[in-house]
Amino acid sequence: MKRLALLVALLAPLFALTGCHGQQAVLGGGGRDEALFGGLWQVFLIVTIVFYLVVLAGLTWAVLRRREGGEPVVRTTFYVWVGVISLTLIGLSIASWLVDRTMNRAPYTGLTVEITGHQWWWDVRYISPGHPDQTLRTSNELHLPVGVPVQVILKSADVIHSFWIPNLSGKQDLIPGRNNDIVVTPTKVGIYRSQCAEYCGLQHAHMAFDVTVEPLSTFQQWWGDGLLPARVPATPEQKAGYAYVTTRECATCHNITGTPATGQVAPDLTHFASRATIGAGTFPMNRGHLYAWLADPQQAKPGNKMPVIGLEPDQLHAVAAYLESLK
Ligand code: CUA
């Protein structure tokens, strides 16, 4: 029984590796930096496993033969051991430095995305140099073309946040008053998850978004569609929702392109219903969560900047119907 417990304790770190796969996983695959980092991680893993086994073997040997051998043997073994450790540490440092330099030399092809962190959501702007009318603003979602290095410029509107798409790249902080940047090169089509990686207040854990990596043509189509103004309300209920959203509190904070709602301090809602989540990755996009959010955003995500409006039932139905139509 004791041996079994010991075996479980020794193997425990391996079970933790089951968290290394999926849409939010540093070893999940999907990006150039992630592949470089994954290679370095495997080198470290193999080296440390070898050293772990050597230490255990040495320990066993010492316990079994503690009455034999003399001081010269111990001294020689000690010197050799210190030498091996020093050389290995130098080797690992060089490997780490080389990977870091290679990540830094990422090629850049001209696609720039500017992301501003807010407590607790992400304001995203796709920049087309020389064509300001092609700038696409969206929120809490990122679409990236596969195989294209994208420069992501990082800013903050309030406190320090950290941009991190584990499957695709390393972390980079968003710091108030300065611009940071990171180059992300996705290599595999898929949907990944990004998570704020710097504690930034009450809802830090609910500051996430989906990243859709797609073929270049699909990405260009998405960008083009994103520039279109919001859909015109079709049903009487949607029209009532449109009337409320564009003339009342909502319009002071939110922008819906093509309507009188031009607020810039909250997430852009022009194509709200095409996103996969509500509240920056907090809830899946569906009617139940949308109603809950509109009825009481402070219950849904305490501390966020959206006030409780106090919608009457018919207003709630109308606003929800209009927002759901914003594909
Ligand atoms: Cu933003 Cu943590």
Side-chain angles (χ1 to χ4, degrees), residues 109-116 118 121-146 148 150-153 184 186 189-192 194 209-281 283-287 289-290 293-294 306 318-327:
T109 55
L111 177 56
T112 301
V113 184
E114 188 183 289
I115 298 183
T116 307
H118 295 256
W121 60 282
W122 309 85
D123 200 1
V124 181
R125 278 186 173 77
Y126 285 77
I127 313 284
S128 184
H131 303 278
D133 57 322
Q134 297 294 304
T135 296
L136 168 63
R137 179 175 181 235
T138 180
S139 302
N140 303 325
E141 66 170 338
L142 204 58
H143 282 242
L144 299 174
V146 68
V148 178
V150 180
Q151 185 192 28
V152 183
I153 297 173
V184 179
V189 168
I191 294 176
Y192 306 104
S194 172
F209 61 85
D210 278 346
V211 183
T212 306
V213 176
E214 55 204 3
L216 184 61
S217 57
T218 315
F219 168 75
Q220 285 165 337
Q221 176 77 39
W222 172 81
W223 187 330
D225 290 348
L227 292 172
L228 297 174
R231 288 193 184 188
V232 177
T235 67
E237 201 171 40
Q238 289 172 10
K239 284 177 182 158
Y242 170 90
Y244 189 98
V245 169
T246 55
T247 56
R248 301 284 293 270
E249 302 89 334
C250 324
T252 32
C253 297
H254 292 285
N255 176 69
I256 303 176
T257 302
T259 77
T262 53
Q264 296 289 314
V265 299
D268 188 289
L269 300 179
T270 308
H271 302 290
F272 166 77
S274 66
R275 301 203 277 262
T277 66
I278 300 172
F283 304 107
M285 176 71 73
N286 60 41
R287 179 164 289 188
H289 285 300
L290 180 57
W293 181 277
L294 292 171
M306 179 159 161
V319 171
Y322 176 56
L323 291 178
E324 280 182 327
S325 76
L326 296 177
K327 296 278 186 187

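Only this structure's heavy atoms are used, side chains among them; waters, hydrogens and symmetry mates stay out. Heads up: numbering here begins at 1 and tracks the sequence.
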Go through the side-chain N and O atoms of Arg137 and Gln264 and say whether any donor and acceptor fall under 3.5 Å apart. yes
So do [Y] and [X] actually touch side chain to side chain, heavy atoms under 4.5 Å?
X      : Y      : value
Phe283 : Leu290 : no
Ile115 : Leu142 : yes
Leu136 : Ser128 : no
Leu323 : Leu294 : yes

Provide the closest heavy-atom pair for [X] versus [Y] in the form atom of the first, atom of the second, distance.
X      : Y      : answer
Thr252 : Val265 : O-CG2, 4.5 Å
Thr257 : Thr270 : N-OG1, 2.9 Å
Glu141 : Trp222 : OE2-CZ2, 3.9 Å
Pro215 : Val146 : CA-CG1, 4.0 Å
Pro229 : Gly258 : CB-CA, 4.0 Å
Leu144 : Val211 : CD1-CG1, 3.9 Å

On the 0 to 90° scale, with breaks at 30° and 60°, tag the His118-Trp121 ring pair as parallel, tilted or perpendicular. parallel
Which value, rounded to the nearest 0.5 Å, describes the distance between [X] atom [atom1] and [Y] atom [atom2]?
X      : Y      : atom1 : atom2 : value
Glu114 : Thr116 : CD    : OG1   : 5.0 Å
Thr212 : Phe219 : OG1   : CZ    : 11.0 Å
His254 : Thr259 : NE2   : OG1   : 12.0 Å
Thr138 : Arg125 : OG1   : CZ    : 10.5 Å
Cys250 : Ile256 : SG    : CD1   : 7.5 Å

Donor-acceptor pair, side chain of Asn255 and main chain of Gly263, under 3.5 angstrom: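 Such a contact is absent between Asn255 side chain and Gly263 backbone.
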Please check this pair: side chain of Trp223 against backbone of His143, looking for a donor-acceptor N/O pair closer than 3.5 Å. no
Output side-chain donor-acceptor pairs under 3.5 Å for residues 272-281, partner residues at least two apart or in another chain, one line each.
residue, atom, partner, partner atom, Å
Ser274, OG, His271, O, 2.6
Arg275, NE, Ser139, O, 3.2
Arg275, NH1, Asp268, O, 3.1
Arg275, NH2, Asp268, O, 2.9
Thr277, OG1, Gly281, N, 3.1

Is there a side chain to side chain contact (heavy atoms under 4.5 Å, CB included) between Tyr322 and Arg231? Walk through the geometry before answering. CA-CA 9 Å; Tyr322 176 56; Arg231 288 193 184 188; over 6 Å; no
